[in-house]
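Below: one structure, written as structure tokens.
Numbers here simply count residues along the sequence, with the first being 1.
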Amino acid sequence: MPKKPRVSVIKESDTGRNQKFVDNKSGEEMTRSGFAKKIDNGEYPDYYTRNQCGLKTPVSKPDGDEGNNLG
């Protein structure tokens, strides 16, 4: 059974942009911008942010394990 990622997407926009996330370890829900800030502050070392259409967007660092992707 694949392991559950640390963070999962719980809400997407109509265009598919990830908008809300949940930390599967703590249960904390985060907005896209809130999660991006935590990533940039070093709280989630397995994730990074990139600029997509002018918005900081959280993404998981590639490691070859699809179970670690934002799901």
Do T31 and Q19 pass the side-chain contact (heavy atoms from CB on, under 4.5 Å) test, and can you show the C-alpha distance, the side-chain angles, and the key distance before you say yes or no? CA-CA 6 Å; T31 62; Q19 293 182 318; over 6 Å; no
To the nearest 0.5 Å, tell me how far I39 CD1 sits from T57 OG1.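 If we round to the nearest 0.5 Å, I39:CD1 and T57:OG1 are 9.5 Å apart.
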Just how far is it from atom CG of N18 to atom CG of L55, taken to the nearest 0.5 Å? 12.0 Å
Quick one: does P58's side chain get under 4.5 Å of F35's, heavy atoms only?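 Sidechains of F35 and P58: in contact.
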4.5 Å side-chain heavy-atom contact, V59 and Y48: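 Result yes, sub-4.5 Å side-chain heavy-atom pair found.
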Grab the two heavy atoms, one from V9 and one from F21, that are nearest each other, plus how far apart they are. CG2-CE2, 3.8 Å
Please identify each residue that fulfils side chain to side chain donor-acceptor pair (under 3.5 Å) with [X], with sequence neighbours left out.
X	value
D40	T49, K56
S13	T15
E28	K38

Applying salt bridge (Lys or Arg N to Asp or Glu O under 4.0 Å) as the test, list every pair that has at least one member in residues 8-21; sequence neighbours left out.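 Every salt bridge (Lys or Arg N to Asp or Glu O under 4.0 Å) pair that includes a residue of residues 8-21, provided the two are not neighbours, is K20-E29.
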Residue list, salt bridge (Lys or Arg N to Asp or Glu O under 4.0 Å) with D23, at least two apart or on another chain: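 By the salt bridge (Lys or Arg N to Asp or Glu O under 4.0 Å) rule, D23 matches R6.
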